[in-house]
Peer 1: 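Below are the structure tokens for one structure; questions will follow.
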Protein chains: 2
Amino acid sequence: MTKQQELITGIVNSSRNHPTAAEIYIEARQKMPSIAVGTVYRNLKLLTSSGEIRKLSFPGQPERYDRIEHPHGHLHCVACGGINDFEISPTLRDEILAHAGERVISCDVTINYICDECAVANENSANKKLKNYKRRL
Amino acid sequence: MTKQQELITGIVNSSRNHPTAAEIYIEARQKMPSIAVGTVYRNLKLLTSSGEIRKLSFPGQPERYDRIEHPHGHLHCVACGGINDFEISPTLRDEILAHAGERVISCDVTINYICDECAVANENSANKKLKNYKRRL
DNA sequence: ATCAAAATTAAGAATCATTCCTAATTTTTC
DNA sequence: GAAAAATTAGGAATGATTCTTAATTTTGAT
Ligand SMILES: [Mn+2]
Ligand SMILES: [Mn+2]
Ligand SMILES: [Zn+2]
Ligand SMILES: [Zn+2]
């Protein structure tokens, strides 16, 4: 594992913000000013495909990276774009896995919602959004 | 609702392939050769944000669009990139929703795995991939 | 240690998906 | 049926990610 890989792994594993590649690159430059953006992308891809870290996709945003800790899902606020973790109970996990048989690698659970901050900050607008939305649950 | 919107909605709702914007554009041109690619993107965005259709994000792929039928999750083969639907049981749905309180808009459940076809087509390679992978369930 | 082969990197060009801009066209309102 | 508002086609612009290449670092056999 090269210095660059170690640095990048460390940044992802110590972050609780689900950072993008660009954000990881900015942080990496603090410790290693010569690092190239392509190196960050390449190593993020390597680390992801070996399962060292986790890659998250949200519509309209650049990809985000997450550490692998206890399995958890994500609450995604459609108003501010914020992403928070939530616990996946063993029951829920087993229910999900029962659907897929063997050869399962991982699973991603994302709940799209309007977070508390956005709801109080802009109550009428958030409520309108929620009301106009054709919900699918 | 304009002719273009109607056409695009129809294509998404009649497709079972989770098509990308580019694929929808190609199909749209069959019926309306003058339609512009920007129009497809703009209307897909409008339809998505009003909840008429559903937008799916998978790492490293362009965004995909899905009709809204009974709630379902997605099985994503990491080998071939194929995407298939799976039923979400009411139990599973309720478990998921219990995590998010009110103000929920939708939820996405994706299981990453290696599909049957890929497993038999390239048994040793798929098994190696599965073995080298640090699973997170 | 010494050298050659293999892997990784920095830098920046290239690509791909998506959005933005503008003038023309269509739809709505009065 | 004219004026105003909304939508479109077409293409330029943007942003994220990958690709290319030459230089540097690591590996590993002598
Ligand atoms: Mn997380
Ligand atoms: Mn589907
Ligand atoms: Zn929010
Ligand atoms: Zn497959």
Side-chain angles (χ1 to χ4, degrees), chain A residues 1-12 15 17-50 52-66 76 78-81 83 132, chain B residues 1-12 15 17-50 52-66 76 78-81 83 108 112 132:
Chain A
M1 180 172 273
T2 70
K3 289 178 291 269
Q4 289 89 343
Q5 272 172 42
E6 208 167 342
L7 175 58
I8 292 166
T9 309
I11 289 172
V12 174
S15 167
N17 301 60
H18 309 98
T20 64
E23 290 163 350
I24 292 163
Y25 171 60
I26 287 173
E27 193 169 340
R29 264 192 319 198
Q30 318 261 0
K31 298 262 177 175
M32 187 186 287
S34 70
I35 199 171
V37 64
T39 302
V40 172
Y41 275 99
R42 182 165 28 78
N43 284 306
L44 285 172
K45 179 174 271 198
L46 289 173
L47 292 165
T48 300
S49 71
S50 76
E52 294 288 318
I53 62 174
R54 188 175 171 186
K55 188 180 193 175
L56 307 176
S57 294
F58 297 97
Q61 302 187 29
E63 317 251 23
R64 296 180 171 276
Y65 296 86
D66 201 358
H76 173 227
V78 300
C80 68
I83 295 157
N132 287 351
Chain B
M1 181 170 275
T2 69
K3 288 179 291 269
Q4 289 88 344
Q5 272 171 44
E6 206 167 343
L7 174 57
I8 292 165
T9 309
I11 289 171
V12 174
S15 167
N17 300 59
H18 310 97
T20 64
E23 290 164 352
I24 292 163
Y25 171 60
I26 287 172
E27 193 169 341
R29 263 193 319 198
Q30 319 262 358
K31 298 264 176 170
M32 186 186 288
S34 69
I35 199 171
V37 63
T39 302
V40 172
Y41 275 98
R42 182 165 29 79
N43 284 306
L44 285 172
K45 179 176 271 200
L46 290 172
L47 293 166
T48 300
S49 71
S50 76
E52 295 288 318
I53 62 173
R54 186 176 175 187
K55 187 180 193 174
L56 306 177
S57 293
F58 297 96
Q61 301 187 28
E63 317 252 24
R64 296 181 171 275
Y65 296 86
D66 202 358
H76 172 226
V78 299
C80 68
I83 296 157
D108 296 307
N112 302 112
N132 287 352

Peer 1: Please tabulate the protein-to-nucleotide N/O contacts below 3.5 Å involving nucleotides 24-27 of chain D, giving atom names and distances.
Peer 2:
unit_1: D:dT26; atom_1: OP1; unit_2: A:Lys3; atom_2: NZ; d: 3.4

Peer 1: Please answer whether the main-chain N or O of A:Gln5 pairs with a side-chain N or O of A:Thr9 as donor and acceptor at a distance below 3.5 Å.
Peer 2: yes
Peer 1: Between A:Arg64 and A:Glu23, what is the shortest heavy-atom contact and its length?
Peer 2: NH1-OE1, 3.9 Å
Peer 1: Using OP1 and OP2 only, check whether a side-chain N or O of B:Thr39 sits under 4.0 Å from D:dT8.
Peer 2: no
Peer 1: Could you state the atom-to-atom distance from CD of B:Glu6 to P of C:dT26 in whole Å?
Peer 2: 17 Å
Peer 1: Only one of A:Arg54, A:Lys45, A:Glu63 clears side-chain contact (heavy atoms from CB on, under 4.5 Å) with B:Pro59; which?
Peer 2: A:Glu63
Peer 1: Using atom OH of B:Tyr25 as one end and atom P of C:dT19 as the other, report the distance to the nearest whole Å.
Peer 2: 16 Å
Peer 1: Taking the side chain of B:Gln4 as heavy atoms from C-beta outward, which of C:dA11, D:dA9, C:dT9 is closest to it?
Peer 2: D:dA9
Peer 1: To the nearest Å, how far apart are A:Ile8 CD1 and C:dA10 C1'?
Peer 2: 13 Å
Peer 1: To the nearest 0.5 Å, how far apart are CG in B:Leu7 and CE in B:Met1?
Peer 2: 11.0 Å
Peer 1: Can you measure B:Glu23 atom CD to C:dT18 atom P for me and round it to whole angstrom units?
Peer 2: 11 Å
Peer 1: In Å, rounded to the nearest 0.5 Å, how long is the span from CD of B:Glu27 to CD1 of B:Ile8?
Peer 2: 11.5 Å
Peer 1: Less than 4.5 Å apart, side chain to side chain, heavy atoms only: is that true for B:Lys3 and B:Met32?
Peer 2: yes
Peer 1: Please report the interatomic distance OH(A:Tyr25) to CG(A:Leu44), rounded to the nearest 0.5 Å.
Peer 2: 13.0 Å
Peer 1: For B:Phe58 and C:dA17, what is the distance between atoms CZ and C1' respectively, to the nearest whole Å?
Peer 2: 17 Å
Peer 1: Please tell me if the side chains of B:His76 and B:Gln61 come closer than 4.5 Å, counting only heavy atoms from C-beta onward.
Peer 2: yes
Peer 1: Show me the protein contacts with nucleotides 15-18 of chain D, counting only N or O atoms at under 3.5 Å.
Peer 2:
unit_1: D:dT17; atom_1: OP1; unit_2: A:Glu63; atom_2: N; d: 3.0
unit_1: D:dT17; atom_1: OP2; unit_2: A:Tyr41; atom_2: OH; d: 2.7
unit_1: D:dT18; atom_1: OP1; unit_2: A:Lys45; atom_2: NZ; d: 3.1

Peer 1: Check each residue of residues 27-35 of chain A for a non-hydrogen atom within less than 4.0 Å of any atom in DNA chain C, then write out the ones that pass by number, or none.
Peer 2: A:Ser34, A:Ile35
Peer 1: With side chains defined as the heavy atoms from C-beta onward, is the minimum distance between A:Leu56 and A:Tyr65 less than 4.5 Å?
Peer 2: no
Peer 1: Say you draw a straight line from CG of B:Leu47 to CD1 of B:Ile53; how long is it, rounded to the nearest 0.5 Å?
Peer 2: 5.0 Å
Peer 1: Can you find a side chain N or O atom of A:Asn43 that sits less than 4.0 Å from OP1 or OP2 on C:dT9?
Peer 2: yes
Peer 1: Can you tell me which residue among A:Glu6, A:Glu52, A:Gln4 is in a side-chain contact (heavy atoms from CB on, under 4.5 Å) with A:Asn43?
Peer 2: A:Gln4
